[in-house]
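Computed from a predicted model, the values in this text were never measured in an experiment. Chain A is the first sequence line, chain B the second, and so forth, proteins listed ahead of strands; every chain is numbered from 1.
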Amino acid sequence: MRILQLHVDYIEYTPIKEEIVDAEPIVDKEKKRLENIVVILLSVEKGDENLIIEDFLNETKKYLDTIKCNSLLLYPYAHLSANLEKPKKAMQILDRIEKELKINLKDSTYRIYRAPFGWTKQLEFRVKGHPMAENSKTFDNVSKSEPSIGNEKLVSLDGRQDDHDHAGVSQALSAEKTLKSSWFILEPNGLLTRYEDYNFRKTENNLKNLFKYEILKNRTVEEQPPHVKLMRKLGIADYEPASDSGNMRYYPKGRLLKSLLEQFVSRKVSEYGGLEVETPIMYDSHHPSMESYFNRFPARQYNIKSDQKELFLRFAACFGQFLMTKDFQISYKNLPLKLYELTRYSFRREKSGELVGLRRLRAFSMPDCHAFCRDLEQAKSEFEKRFDLSISVLEEIGLDMDQDIEMAIRFTKEFYENNKQFVNSLVSKIGKPVMMEMWSDRFFYFTLKWEFNFLDNQGKASSLSTDQIDIENAERYDISFIDEDGTKKYPIILHNSPSGAIERIIFALLEKSARLIKEGKTPFLPLWLMNTQVRIIPIKNELIPFCEKIRNELKDNLIRCDLDDRDDSLSKKIREAETEWIHYIIIVGEKEVESDRISVRDRIKKENYTIDNNAFIQLIRSQIKGKPYLPINLQENLSKRPRIAS
RNA sequence: GGUCAUGUAGCUCAGCCUGGCAGAGCGAAGGUUUUGUAAACCUUAGGUCGCGGGUUCAAAUCCCGUCAUGACCUCCA
């Protein structure tokens with residue numbers, strides 16, 4: 001038997017649903033709140049017989065006496081052990097423990113509670129700060145107990161790993177290493193509040209969820225995330241069983257969606273001044289620069305052996321760009337120097353259980369822009385430009401900074417104290433409170449980083465855009481420039497992904513749509529990302545030639561348009577177009593042949609109207625203005641298309 | 001790796017508890033129909049019920065093993 005004893009100020013738990021077949025039947029699914037109570041999280045293990053139960057009972061009584069607390073909650077908690085008893089038997093043992101405790105402690109004022117067994121439960125509690133408030137113990141036939149005591153809030157670096165953090169170079173994966181973190185809310189006016197002392201407003205639910213996700217590790221999930229269903233239904237992407245998990249297949253619609261996003265982000269970075277380069281996707285594991293890396297960051301990369309050479313697949317664009325930059329001759333006059341690559345792909349061998357749909361992959365496309373700066377002053381000014389760039393990229397893609405995104409900013413205490421004004425100026429651009437994490441020491445290669453997090457339908461946070469101030473890698477890679485005084489210096493490197501992984505953007509757009517569905521609203525993807533922007537449906541087959549004329553006219557105006565020439569009823573064709581989320585449907589009958597006007601069914605406005613041909617073209621052009629264009633990536637006649645979406 | 005769940009037609013799933021002819025809808029193919037704003041009608045094809053073993057007169061169904069997938073794993077006993 002393994003247990004965690006916790007003395008808490010309060011505990012709240014809510015049974016969500018039965019997790020196993022043998023879950024105990026319960027009537028009351030209300031949230032329970034208990035205050036000033038000892039909570040014992042326990043796992044019943046195979047071979048827990050009388051002696052062990054005796055030990056546990058004695059220990060529990062002793063503990064309650066020691067800390068002078070007279071209420072107790074028994075909380076079945078499977079995750080303490082890898083050697084669990086079968087559910088039925090475990091429940092019997094729990095029942096017995098509960099009864100024995102009640103009998104033993106009956107004469108006093110003790111109160112004994114027990115949380116339901118076999119249920120998925122939402123759990124929240126606050127542990128008291130005294131030295132005896134947290135103990136873990138093991139009861140078995142060999143070692144009687146092995147208590148470990150601690151009440152310091154430690155944050156494991158592994159636990160807070162920022163997946164797809166574009167510069168994944170950084171994240172130490174060693175679980176032993178911990179560093180002290182403090183959590184705050186930083187408001188646009190610079191006001192700083194400790195997380196514990198902050199009262200979240202109703203509109204700040206997403207921010208609250210972000211904290212929950214990061215600190216309380218509240219990640220209760222009941223089902224597959226909704227975007228997985230949508231990505232298949234819409235024929236965008238799917239799992240590929242023949243590959244490694246986390247390596248997806250993208251159907252024509254998905255490929256077009258990705259191409260457009262890739263082109264869009266690349267163009268925005270180019271306008272900002274990033275120079276696009278291309279670097280290899282695999283590297284020699286024994287190259288000196290790589291080795292120093294791996295020593296510090298036990299990696300999760302794909303390894304390949306080719307002849308006698310050991311190679312790994314890149315997990316970020318950093319190596320390629322750094323190795324390239326190292327060979328440049330750089331003067332201070334050339335700085336800031338900005339290099340950009342959109343990797344297709346970056347690879348990370350995430351643990352199999354961590355992979356989810358398009359949210360977390362093993363192969364993903366990551367825009368990655370590094371700026372090499374002369375000094376901190378230049379870095380800060382460049383940093384602000386990239387901050388603005390990232391905001392505009394997300395907004396133009398169709399995400400709402402106010403509703404969809406929560407910002408987190410993290411830095412060392414030292415950096416903050418020297419650059420308060422700079423930090424505050426970033427936050428004030430967001431115009432709402434952000435999550436702030438402050439580290440006592442610098443463990444990472446950067447002194448400051450921020451991310452924009454998308455909060456999905458399950459309250460899970462995924463980072464999209466991010467930027468970092470890196471003061472370590474220039475030296476490691478021997479990237480230098482000659483300063484005004486003729487001396488060799490190492491630049492500061494900024495690591496920015498203005499959008500985050502392209503696949504994750506698709507994930508965010510789909511989750512946003514799923515939210516609309518949940519709210520009873522019409523889900524949609526931005527018009528400029530739709531493979532079919534306009535669907536033409538003839539009322540009769542004889543009108544197909546006329547429809548083709550309209551289609552060609554739209555096509556000449558760079559509008560993606562297709563024609564439903566199948567032998568189906570009009571209603572059915574409309575229905576299918578609706579289920580494909582097509583924004584505009586044009587119905588063509590005799591009336592339309594005779595006039596210059598076309599009949600439009602507008603899915604977003606939810607209305608039908610007739611409109612002049614040119615006005616319609618302008619209506620669409622105005623909505624996709626400034627966005628990249630690619631021709632439709634499926635047969636223009638639906639009768640020629642195989643069925644792809646399921 | 002652990003816990004739990006799932007695996008039946010191209011897709012979504014029912015059947016399993018309580019053993020007795022392999023099912024439905026969608027999709028596909030052929031035909032009829034030529035449609036005015038969210039599913040026309042008829043017909044046909046389509047299966048190693050993940051795989052292996054066991055129990056039984058009889059197994060998709062019960063038991064054991066195994067493989068694959070999914071969710072979770074300092075979130076859900």
Side-chain angles (χ1 to χ4, degrees), chain A residues 1-4 13-24 40-45 74-87 90-91 93-94 114-124 134 136 150 153-156 158-160 175 178 212-213 215-225 228-229 232-233 238-239 241-242 245 351-357 458-460 537-544 566-580 585-592 599-603 606-609 642-646:
Chain A
M1 180 181 296
R2 285 169 189 266
I3 67 164
L4 266 179
Y13 66 89
T14 316
I16 306 291
K17 62 184 271 197
E18 295 94 332
E19 185 170 26
I20 55 174
V21 179
D22 289 324
E24 69 177 299
I40 297 191
L41 307 177
L42 77 167
S43 293
V44 178
E45 296 183 291
L74 292 167
Y75 195 100
Y77 197 73
H79 313 290
L80 298 172
S81 171
N83 183 32
L84 292 168
E85 181 57 272
K86 288 234 157 47
M91 200 152 88
I93 291 177
L94 272 172
R114 184 164 72 76
F117 180 93
W119 282 69
T120 298
K121 297 186 286 286
Q122 197 162 29
L123 174 64
E124 182 178 330
E134 290 182 304
S136 87
K153 183 95 188 169
L154 292 175
V155 176
S156 145
D158 189 36
R160 216 219 75 248
T178 52
K212 275 194 183 171
Y213 187 76
I215 306 175
L216 300 176
K217 311 293 177 194
N218 181 347
R219 301 179 193 182
T220 306
V221 164
E222 289 177 63
E223 54 194 23
Q224 206 180 30
V228 173
K229 217 169 159 181
R232 299 162 113 159
K233 180 182 115 77
D238 208 341
Y239 299 109
S245 21
K351 283 196 271 174
S352 65
E354 292 173 335
L355 303 165
V356 195
Q458 297 163 328
K460 292 193 173 197
I537 304 182
I539 276 171
K540 285 191 220 162
N541 287 356
E542 291 84 73
L543 300 173
I544 288 176
R566 294 174 302 177
D567 192 11
D568 278 315
S569 70
L570 175 65
S571 294
K572 178 160 179 178
K573 291 177 183 175
I574 290 171
R575 183 185 147 85
E576 287 210 3
E578 288 280 349
T579 59
E580 281 184 59
I585 303 171
I586 296 180
I587 310 287
V588 176
E590 263 100 9
K591 276 187 251 166
E592 286 74 22
S599 290
V600 177
R601 181 181 164 112
D602 187 320
R603 180 164 180 274
K606 285 199 173 307
E607 60 184 44
N608 302 341
Y609 46 83
R643 188 161 283 268
I644 294 173
S646 42

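One P atom belongs to B/C49, the other to B/G7, and the distance between them is 15 Å to the nearest Å. Remark: the separation of the C1' atoms in B/U43 and B/A38 is 26 Å, to the nearest Å. When the C1' atom is compared between B/C63 and B/G30, the two are found 47 Å apart, to the nearest whole Å. Across the C1' atoms, B/G19 and B/C13 are found 22 Å apart, a figure rounded to whole Å. Spacing of C1' atoms, B/A29 relative to B/U66, comes out at 39 Å, to the nearest Å.
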Distances under 3.5 Å between nitrogen or oxygen atoms of protein and nucleotides 39-44 of chain B:
from	atom 1	to	atom 2	distance (Å)
B/A39	N9	A/Arg575	NE	3.4
B/A39	N7	A/Arg575	NE	3.4
B/A39	N7	A/Arg575	NH1	3.0
B/A39	N7	A/Arg575	NH2	3.3
B/A39	N6	A/Arg575	NH2	2.4
B/A39	N1	A/Arg575	NH2	3.1
B/A40	OP1	A/Ser569	OG	2.9
B/A40	OP2	A/Ser569	OG	2.5

With 3.5 Å as the limit, what N/O pairs link the protein to nucleotides 8-10 of chain B?
none

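Taking the ring-ring contact (aromatic ring centres under 6.0 Å, His included) definition, one finds that A/Tyr13 meets it with A/Tyr75, sequence neighbours left out. The salt bridge (Lys or Arg N to Asp or Glu O under 4.0 Å) search around A/Glu592 returns none, not counting sequence neighbours. Annotation: side chain to side chain donor-acceptor pair (under 3.5 Å) contacts of A/Glu542 (sequence neighbours excluded): none. For A/Arg603, the salt bridge (Lys or Arg N to Asp or Glu O under 4.0 Å) test picks out A/Glu578, with sequence neighbours left out.
Here A/Glu576 lies out of heavy-atom contact (under 4.0 Å) with every strand.
Annotation: of the two residues near RNA chain B, A/Asn608 and A/Leu94, the 5′-most nearest-nucleotide partner is A/Asn608.
Between A/Arg601 and the phosphate of B/A38, there is a side-chain N or O to OP1/OP2 separation shorter than 4.0 Å.
As a whole-Å value, the separation of A/Lys229 NZ from B/G70 P is 18 Å.
When both distances must be under 3.5 Å, the Watson-Crick or G-U wobble mate of B/A59 does not exist. Summarising the base pairing, B/A71 is matched to B/U3 through a Watson-Crick or G-U wobble pair whose two defining distances lie under 3.5 Å. In this structure, B/G19 forms no base pair with any nucleotide, since neither Watson-Crick nor G-U wobble geometry is met with both distances under 3.5 Å. Pairing of B/A28, defined by two Watson-Crick or G-U wobble distances under 3.5 Å, is identified with B/U44. If you check B/U66 for Watson-Crick or wobble pairing at under 3.5 angstrom, you find it paired to B/G50.
Partner of A/Lys573 under the side chain to side chain contact (heavy atoms under 4.5 Å, CB included) criterion, chosen from A/Ile539, A/Asp568, A/Ile585: A/Asp568.
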